Amino acid sequence: MLGDAARRLQAILTELRRLPAVLGATIARRDGILIAHALPKTMDPKKIAAMAAAIVGTSEMAVVEMGLGTFNSSIVDTHIGKMIATGAGEEAILVTMVRSEANMGLLLLSVDRAVQSISDVLKAAEVPA
Amino acid sequence: MTDVWVRLEETIDELSRVSDIKSAAVVRRDGLVVTHTLPDGVDPKMVAAMTAAIVGTSEMATIQLAQGRFVRAIIESDEGKLLSLGAGDEALLVALVYDDANLGLVLLAMERAAKQVEKILRDSAA
Amino acid sequence: MMQSPPRAIAPRAKTGIPVLDERLQGGFPRPSTLLLFSDKPTEKRLFGENFAIQGVKAGETCVYVDFFRAPQLALRELKRFGPVDPAKLVLVDATSSQLLLPSREKYHIDNIDSLANIREAVVVAMEAERPGRIVVDSMEFLMDRFPKEDVLRLWRELIEAARSAGTVICFLFINWTLMERELDEIRAMSDFVIEFQSSLRGGIIRNSMRISQMESNGIRTNWIPYTFKDLVGLTVYFPRILVTGPFNAGKSTVVKAVSEKSISIDRMGTTVAFDYGNVNITGIEAEIFGTPGQERFEFIFKIFAREVSGVLLVVDASHPDEFSRARQMLDLVGPRIPYVILANKSDLPGAIPPDEIAHRMSLPEDVPVIPTVATENKGVRDALLILAEMIIGVR
């Protein structure tokens, strides 16, 4: 059952990576543990997972402290591209790295779809109480 | 030395006057408040610590991901955005903006303010 | 002149900073001579004002000789220390005559160009009021106008007058012109020297002071960072106390237990960014910062472990296998930062006693290991207070 979830998550990432603008993607647990990744070999997915958890966790707290409603996503602009981190269900976070020239509208639609799929997979994989 | 603080305060006051910007702050990169126009009810010390965590971590993630140089972090939420960027080696600039803000204009104003902050701090260290 | 019998005053003059007063065995002895000294214009006036106001708050009569400010201005500025009995705060007016105005104060210096006149006014005030404390703000005003030998003579005379009156006399001084030898002479005339320094880093000004007792083997504190709190006065302030240690040791619980108000950024039972709180403990203000314990979050130290005043290293006393990890985390903070070990969960069966923990962690002799039960707020404040004393240098 879990192996099936892992395969499905990997498939979601592979699908995401097929978009020309997407350089890599990672799924992390909200406590910073790596769940799955589709990153080039030069990058350490475990470090990304932990950092994404810190960023999203802090951003969510910041949004509450400042009365800004509900957190949607954190976007880090770099001079090469962007790193988008967003919640994917209660337990996980999706981090997507994209090129600068990305068509953000289309991209965010794909990210939203991926987030929904990830959330579904993780919910289905939960061992019933 | 208090002159530094007055100049920083002026920079933040000016930035906060940009119509799409609700409030702003200069914080030190290790999470301590320098000056701010945050409303009552928002703890500036917490905002400072959180901004430092977000930017510091984002910068390290940028390096990890070999994505060149960190430029800015944008936190998007239902009712607004939180923008933060570096203001020299020692400080960060953070602003709360309205949800429908013209980001282009806001970022321009922030970049100008960040350069000013950087200059003020650099001058004071001289 | 009819005077109401003086309210019994404490044998020692408190600074109003509890940690310091404790180390001073209640405060500065009576009589004594204090030198508030700085090389640059900094915050010595604040300490002088604080000292006078603390005296008034304790029921003592305090004389304040102000060469720079008119009495009305001085009184207005002193209000920020909180309400005081105006009858007990006696100002010696040194500015009205300079402005060619009549003085409204009981004690006034009519001729600012005459050292004799200045001495007269101050000594008369001391003899008549027999104050608990007198603050002279500030001696460089005289050094700028009169030959230094004459000023030094006046200095000695005022010390004598204070001794006779049983008063603690506090001289403020910035040195512009004196040689080291002359400074040594002034230090030698003083019982306590309080120095000040200010630094500016990344837009934040840090003020600190240190107290040295001139007598050999006397008290010597470290540089103590302080801030000013409205209506309270001078307050020792630690910008960052770091709470760190291995995963699950109880760091977040410690931060919560010790703080008045705190937050924790945690997910699934573990801190993913940091904990933050602030605390006021016996007049010391501190900001408390908890790090995550998991190795994957060590990058957080690079951001926050910069201007750390001191560390509370929390270990789970019932998990000795993690003691070495704890020691390792201390290295992430950097050398020469004071720390205290909290042997947390000390109520659990299998909890290793403090001495044994110290031994197993190969700690230096003088590192305190305090047993705590953070979930019940036991021992945590004690540990913080011990750390505070170590940072100040009174332990």
Side-chain angles (χ1 to χ4, degrees), chain A residues 22-26 28 32 34 37-87 93 95-100 104 108 111-112, chain B residues 21-25 27 31 36-86 94-99 101 103-104 107 110-111:
Chain A
V22 175
L23 297 166
T26 311
L34 176 68
H37 77 94
L39 290 175
K41 283 193 176 42
T42 50
M43 301 170 193
D44 185 344
K46 288 188 180 156
K47 288 211 172 88
I48 301 303
M51 289 177 181
I55 291 170
V56 171
T58 307
S59 301
E60 287 176 324
M61 181 70 87
V63 158
V64 166
E65 177 64 25
M66 288 182 257
L68 291 173
T70 323
F71 168 81
N72 289 335
S73 58
S74 124
I75 300 172
V76 175
D77 285 337
T78 73
H79 85 276
I80 290 178
K82 296 179 200 291
M83 185 182 93
I84 305 165
T86 179
I93 295 165
V95 190
T96 315
M97 280 148 54
V98 305
R99 293 178 211 283
S100 306
M104 283 308 282
L108 289 174
V111 166
D112 280 345
Chain B
I21 296 181
K22 276 192 212 177
S23 59
V27 313
H36 70 91
T37 54
L38 296 166
D40 288 337
V42 176
D43 185 340
K45 291 177 174 169
M46 268 181 219
V47 170
M50 292 190 276
T51 304
I54 291 168
V55 173
T57 308
S58 299
E59 284 178 320
M60 287 188 259
T62 301
I63 294 170
Q64 267 301 309
L65 293 166
Q67 287 293 286
R69 224 186 339 104
F70 169 89
V71 173
R72 67 183 76 90
I74 303 175
I75 309 301
E76 296 193 343
S77 68
D78 280 358
E79 295 169 31
K81 301 188 207 300
L82 191 67
L83 279 66
S84 33
L85 37 84
V94 58
L96 250 91
V97 306
Y98 293 97
D99 191 43
L103 271 192
L107 288 174
M110 284 187 76
E111 273 150 31

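Everything numeric in this text was worked out from a predicted model, so none of it was measured. Lettering of chains follows the sequences in order, A, B, ..., and the numbering in each one begins at 1.
Contacts between Leu96(B) and chain A at a heavy-atom distance below 4.5 Å involve the side chain alone, from C-beta outward. Of the two parts of Met66(A), the backbone and the side chain both hold a non-hydrogen atom closer than 4.5 Å to a non-hydrogen atom of chain B. For Val76(A), the parts lying near chain B are the backbone and the side chain together; criterion is any non-hydrogen pair under 4.5 Å. Neither the backbone nor the side chain of Asp99(B) comes within contact range of chain A; no heavy atom of the residue lies under 4.5 Å from a heavy atom of that chain. For Met60(B), the parts sitting under 4.5 Å from any heavy atom of chain A are the backbone and the side chain alike. Heavy-atom distances place both the backbone and the side chain of Met61(A) under 4.5 Å from chain B. The contact between Ala62(A) and chain B is made by backbone and side chain atoms together, counting heavy-atom distances below 4.5 Å. The contact between Ala61(B) and chain A is made by backbone and side chain atoms together, counting heavy-atom distances below 4.5 Å. Only the backbone of Val98(A) comes within less than 4.5 Å of a heavy atom of chain B; no side-chain atom from C-beta onward does.
Each of Thr86(A), Ile48(A), Val95(A) has some count of heavy-atom pairs under 4.5 Å with chain B, and the biggest count is that of Ile48(A). Contacts with chain A were tallied for Thr62(B), Ile74(B), Leu38(B); Ile74(B) has the most, counting heavy-atom pairs under 4.5 Å. Considering only heavy-atom pairs separated by less than 4.5 Å from chain B, the leading option among Asp44(A), Ile55(A), Val56(A) is Ile55(A). Note: Asn72(A) leads Val63(A), Thr58(A), Asn72(A) in heavy-atom pairs under 4.5 Å with chain B.
Side-chain contact between Val47(B) and His36(B) is absent, with no heavy atoms from C-beta onward closer than 4.5 Å. Contact check for Leu68(A) versus Asp78(B): no side-chain heavy atoms found under the 4.5 Å cut-off. Annotation: side chain of Met104(A) is in contact with side chain of Ile84(A) (closest heavy-atom distance under 4.5 Å). Residues Leu82(B) and Met50(B) fail the side-chain proximity criterion, which asks for heavy atoms closer than 4.5 Å.
Within 6.0 Å of NZ in Lys47(A) there are 12 or fewer heavy atoms belonging to other residues, nucleotides or ligands.
A salt bridge links Glu111(B) with Arg72(B): the closest approach of a Lys/Arg side-chain nitrogen to an acidic carboxylate oxygen falls below 4.0 angstrom.
Judged by distance alone, the side chain of Ser58(B) and the main-chain N or O of Ala73(B) form no donor-acceptor pair under 3.5 Å.
The two residues Leu65(B) and Met97(A) have their closest heavy-atom pair at CD2-SD, 3.0 Å.
When each of Ile21(B), Leu107(B), Thr51(B) is tested with Leu83(B) by the rule side chain to side chain contact (heavy atoms under 4.5 Å, CB included), just one qualifies, namely Leu107(B).
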